[in-house]
K.L.:
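One structure follows; several queries about it will come next.
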Number of protein chains: 4
Amino acid sequence: MTIQFDQNRPIYLQLMEYFYGKICRFELEAGDKLPSVRETAVEVGVNPNTVSRTYMEMEREKVVISKRGQGTFVTEDQQMINELRERTAEKHIDAFLTVMIQNGFNEEEIMELIQKQLRIINKGGRENE
Amino acid sequence: MTIQFDQNRPIYLQLMEYFYGKICRFELEAGDKLPSVRETAVEVGVNPNTVSRTYMEMEREKVVISKRGQGTFVTEDQQMINELRERTAEKHIDAFLTVMIQNGFNEEEIMELIQKQLRIINKGGRENE
Amino acid sequence: MTIQFDQNRPIYLQLMEYFYGKICRFELEAGDKLPSVRETAVEVGVNPNTVSRTYMEMEREKVVISKRGQGTFVTEDQQMINELRERTAEKHIDAFLTVMIQNGFNEEEIMELIQKQLRIINKGGRENE
Amino acid sequence: MTIQFDQNRPIYLQLMEYFYGKICRFELEAGDKLPSVRETAVEVGVNPNTVSRTYMEMEREKVVISKRGQGTFVTEDQQMINELRERTAEKHIDAFLTVMIQNGFNEEEIMELIQKQLRIINKGGRENE
DNA sequence: GTGGTCTAGACCACA
DNA sequence: GTGGTCTAGACCACT
């Protein structure tokens with residue numbers, strides 16, 4: 001469960017993406033309790049302050065809610081989660097296509113390269129089954 | 001020719017991507033001279049030191065060569081440019097697919113969402129014709 | 001601990017060599033923390049930016065790792081350090097022999113002149129005991 | 001006869017070393033005429049100004065003499081040439097030993113590594129015979 | 001005019 | 001307190 005952190009980007013952001021991933025994949029569902037700040041800190045091996053910041057940011061985006069003395073929970077608002085998933089996808093697709101086009105790749109090339117990469121991923125994935 | 005800089009990421013990196021874009025789109029070809037540090041600085045409205053750093057980083061990656069008293073040039077090595085283009089594509093595709101899968105999107109969804117976004121972009125593009 | 005800087009060569013390079021020397025002599029070992037940018041700057045009497053550049057270059061060569069908010073550390077990879085030591089030696093020996101041969105010195109002359117110089121150094125060293 | 005220039009060091013210095021090498025190897029002897037600035041410039045592919053500077057520096061060090069309208073000549077003073085050879089050797093040996101010791105290599109290691117490198121060079125050299 | 005280096009001083013995000 | 005980035009302005013060597 002250790003995460004490979006990219007030292008060039010804020011750890012709290014990468015940790016956010018990690019939790020958002022879990023929520024978007026429905027590993028963490030509406031209302032579920034997140035592990036405590038300390039637990040997470042130990043588990044992923046970062047400073048508790050950093051985890052705390054992660055939780056604060058997610059709360060600011062209304063994806064989680066912290067209840068004093070009880071812990072931090074995924075929002076009950078399923079609509080919110082669906083939106084998170086959609087926004088996330090759109091943001092990444094948009095950024096991806098923008099940068100690819102800016103680098104002179106056309107639609108055909110982009111689709112082809114993605115297909116190719118997906119085949120590689122699928123092959124690698126199967127080996128681990 | 002003005003660039004919209006994202007305040008959250010280093011300017012020198014964004015400037016690198018700008019030039020790499022030009023090279024990948026073959027707007028700047030092997031052996032071409034880049035504008036001087038000072039010219040670029042004025043043009044994009046940043047400090048010459050920042051441009052200098054951009055050029056240095058690109059030189060470290062062997063995409064450009066700086067010659068004292070002469071200027072900075074795109075590498076003569078066409079192979080290097082092709083690699084740049086491939087590496088760029090692979091890096092972005094990889095990161096994109098990783099994050100999408102991490103967020104629980106499967107192949108079909110990913111391909112579909114990209115197609116949808118491409119249609120929107122094309123429609124937007126045509127309006128400008 | 002003050003360093004005599006050669007005015008004709010970049011300070012940041014000489015500072016790199018200074019730290020590489022410490023690492024090759026095992027005064028700084030794998031995982032050790034380097035003094036902070038600001039500390040080093042004060043100690044050797046140069047601008048923090050210059051020290052920063054030194055640390056950046058060493059990080060680029062994977063000899064040290066900078067961790068935001070924590071400091072800069074010698075790599076944990078002992079293999080890397082051994083390689084640094086070997087590369088350093090090879091680089092200097094190679095350059096030295098190349099230039100000596102280019103100046104028309106043969107093997108015997110080179111070995112003899114080194115022996116002679118080593119005797120002088122040893123004599124000088126003993127005087128300081 | 002093309003020279004591999006290290007872009008990080010002044011070309012005029014590298015060109016000086018090239019000529020000093022020829023003189024120390026007695027390929028250019030006392031009183032010999034150097035090729036004209038233009039000839040050299042064309043031959044090694046650098047700006048005539050750069051060659052001009054090289055010749056000026058060598059004249060400043062009294063190793064060559066330029067005679068107006070006639071060209072540039074190696075000094076007639078054989079003593080000067082011998083000193084050049086010795087000074088060159090001493091300078092390089094001194095710098096070399098200093099840096100090796102600074103990097104924690106002891107006498108035995110240094111001598112051994114040089115012997116090893118010389119064997120490699122000799123083997124490589126023979127292949128070209 | 002060109003890139004390379006350095007200083008001084010500032011601000012920021014991270015831990 | 002830590003490194004990272006940026007600006008402003010300066011000087012230098014090379015072409």
Side-chain angles (χ1 to χ4, degrees), chain A residues 5-15 41 45-54 56-57, chain B residues 5-15 33-41 44-59 64-73, chain C residues 5-15 33-41 44-59 64-73, chain D residues 5-15 41 45-54 56-57:
Chain A
F5 288 114
D6 171 1
Q7 278 293 353
N8 295 320
R9 288 172 54 228
I11 290 176
Y12 82 91
L13 269 183
Q14 298 178 60
L15 211 48
V46 302
N47 193 299
N49 288 331
T50 307
V51 180
S52 185
R53 171 142 192 204
T54 304
M56 273 171 48
E57 293 289 331
Chain B
F5 288 115
D6 170 0
Q7 280 297 354
N8 296 320
R9 288 172 55 231
I11 292 175
Y12 80 92
L13 275 183
Q14 298 179 59
L15 209 47
K33 186 176 177 303
L34 271 61
S36 80
V37 168
R38 290 159 174 87
E39 273 178 325
T40 302
V44 304
V46 301
N47 190 285
N49 282 328
T50 305
V51 178
S52 189
R53 171 142 192 209
T54 301
Y55 283 19
M56 268 175 44
E57 299 284 340
M58 293 195 294
E59 184 169 22
V64 307
I65 300 174
S66 291
K67 298 182 187 170
R68 290 199 277 190
Q70 297 185 49
T72 303
F73 303 81
Chain C
F5 288 115
D6 170 1
Q7 280 296 355
N8 296 320
R9 290 172 53 230
I11 292 175
Y12 80 93
L13 275 183
Q14 297 179 59
L15 211 46
K33 186 177 177 302
L34 271 63
S36 81
V37 169
R38 290 160 175 88
E39 272 178 324
T40 300
V44 302
V46 302
N47 190 285
N49 282 328
T50 305
V51 179
S52 188
R53 172 140 192 212
T54 302
Y55 284 18
M56 268 175 45
E57 299 284 339
M58 293 195 295
E59 184 169 22
V64 306
I65 300 174
S66 292
K67 297 182 186 170
R68 289 199 278 190
Q70 298 185 49
T72 303
F73 303 82
Chain D
F5 288 115
D6 172 0
Q7 279 292 351
N8 296 321
R9 288 172 55 228
I11 291 176
Y12 81 93
L13 269 183
Q14 298 179 60
L15 211 47
V46 303
N47 193 299
N49 287 331
T50 307
V51 179
S52 186
R53 172 144 192 203
T54 303
M56 272 171 50
E57 294 287 332

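Convention: sequence-line order gives letters A, B, ...; per-chain numbering from 1. What you see is a predicted model; the values in this text were computed from it and never measured. Reckoned from all heavy atoms, side chains included, excluding hydrogens, waters and symmetry mates.
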K.L.:
Given dC6(F), is OP1 or OP2 found less than 4.0 Å from the side-chain N or O atoms of T50(B)?
P.N.:
no

K.L.:
Choose from dG4(E), dG4(F), dT5(E) the nucleotide whose nearest atom is closest to any side-chain atom of E59(B).
P.N.:
dG4(E)

K.L.:
Check whether E39(B) reaches the backbone of S36(B) with its side chain - one donor and one acceptor, N or O, closer than 3.5 Å.
P.N.:
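A pair under 3.5 Å: yes.
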
K.L.:
Could you give the CD-to-P distance, from Q7(B) to dA13(E), as a whole number of Å?
P.N.:
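Value for this atom pair: 11 Å.
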
K.L.:
Ignoring the backbone of Y12(B), work out which of dA15(E), dC6(E), dC6(F) is nearest its side chain.
P.N.:
dC6(F)

K.L.:
Whole angstroms only, please: what is the NZ-P distance between K33(C) and dG1(F)?
P.N.:
12 Å

K.L.:
Which of these nucleotides, dC6(E), dA8(F), dA8(E), is closest to any side-chain atom of N47(C)?
P.N.:
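Nearest nucleotide to the side chain: dA8(E).
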
K.L.:
Among the candidates dG3(E), dG3(F), dT15(F), find the nucleotide nearest to the side-chain atoms of S36(C).
P.N.:
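The listed nucleotide nearest to S36(C)'s side chain is dG3(F).
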
K.L.:
Donor-acceptor pair under 3.5 Å: do we get one between R38(B)'s side chain and the base of dG1(E)?
P.N.:
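Side chain to base: no pair present.
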
K.L.:
Does a distance-only test, which skips hydrogens and angles, find a donor-acceptor pair under 3.5 Å between the side chain of R68(B) and the base of dG4(E)?
P.N.:
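Such a pair does not exist between side chain and base.
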
K.L.:
Between R53(D) and I11(D) (side chain of the first, backbone of the second, donor and acceptor by atom type, cut-off under 3.5 Å), is there such a pair?
P.N.:
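No, R53(D) side chain to I11(D) backbone: no donor-acceptor pair under 3.5 Å.
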
K.L.:
What contact category does R53(D) fall into here, base, sugar-phosphate, or nothing, at under 4.0 angstrom with non-hydrogen atoms?
P.N.:
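If one applies the 4.0 Å heavy-atom cut-off, R53(D) turns out to touch the sugar-phosphate alone, with no base involved.
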
K.L.:
Tell me which of E39(C) and L13(D) sits closer to the 5' end of DNA chain F, going by the nucleotide each one is nearest to.
P.N.:
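So the residue in question is E39(C).
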
K.L.:
Measuring from the side chain of P10(A) (C-beta onward, heavy atoms only), which nucleotide among dA15(E), dC14(E), dT7(F) has the closest atom?
P.N.:
dC14(E)

K.L.:
Of the options dG3(E), dT15(F), dA15(E), whose atoms approach the side-chain atoms of T72(B) most closely?
P.N.:
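Out of dG3(E), dT15(F), dA15(E), the nucleotide with an atom closest to T72(B)'s side chain is dG3(E).
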
K.L.:
Can you tell me the pairing partner of dC14(E) across any strand shown, Watson-Crick or G-U wobble, with both distances under 3.5 angstrom?
P.N.:
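Base-paired to dG1(F).
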
K.L.:
Please determine, by modelled atom types, if T40(C) and Y55(C) share a side-chain donor-acceptor pair under 3.5 angstrom.
P.N.:
yes

K.L.:
Between V44(B) and F5(B), what is the shortest heavy-atom contact and its length?
P.N.:
O-CE1, 4.1 Å

K.L.:
Starting at OH of Y55(B) and ending at C1' of dG1(E), how long is that distance when rounded to a whole Å?
P.N.:
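So the two atoms are 14 Å apart, to the nearest Å.
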
K.L.:
Atom CG of D6(C) and atom P of dA13(F): how far apart are they, to the nearest Å?
P.N.:
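Going from D6(C) (CG) to dA13(F) (P), I get 13 Å.
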
K.L.:
CZ of F73(B) versus P of dT15(F): gap in Å, rounded?
P.N.:
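In whole Å, dT15(F) P lies 12 Å from F73(B) CZ.
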
K.L.:
Base, sugar-phosphate, or nothing for N49(C), non-hydrogen atoms under 4.0 angstrom?
P.N.:
base

K.L.:
Go nucleotide by nucleotide along DNA chain E from the 5' end; which of M56(B) and G69(C) gets its closest nucleotide reached first?
P.N.:
M56(B)

K.L.:
If only atom types and distance count, is the side chain of Q14(B) paired as donor or acceptor with the main-chain N or O of D6(B) below 3.5 Å?
P.N.:
yes

K.L.:
Rounded to the nearest Å, what distance is computed from the CG atom of residue N8(B) to the P atom of nucleotide dC6(F)?
P.N.:
12 Å

K.L.:
Among dC6(F), dG3(F), dT15(F), which nucleotide has an atom closest to any side-chain atom of I11(D)?
P.N.:
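It is dT15(F).
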
K.L.:
With DNA chain F as reference, determine whether Q70(C) or G45(B) sits nearer its 5' end, using the nearest nucleotide of each.
P.N.:
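It is Q70(C) whose nearest nucleotide is closer to the 5' end.
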
K.L.:
Over how many whole Å does the gap from M58(C) atom CE to dG4(F) atom P extend?
P.N.:
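Atom-to-atom, M58(C) to dG4(F), this comes out as 11 Å.
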
K.L.:
Can you tell me if E59(B) uses its side chain to pair, donor with acceptor, with the backbone of V64(B) under 3.5 Å?
P.N.:
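No, the answer is negative, given that no donor and acceptor are paired below the 3.5 Å cut-off.
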
K.L.:
In whole Å, what is the span from the CG atom of L15(B) to the P atom of dT7(F)?
P.N.:
10 Å

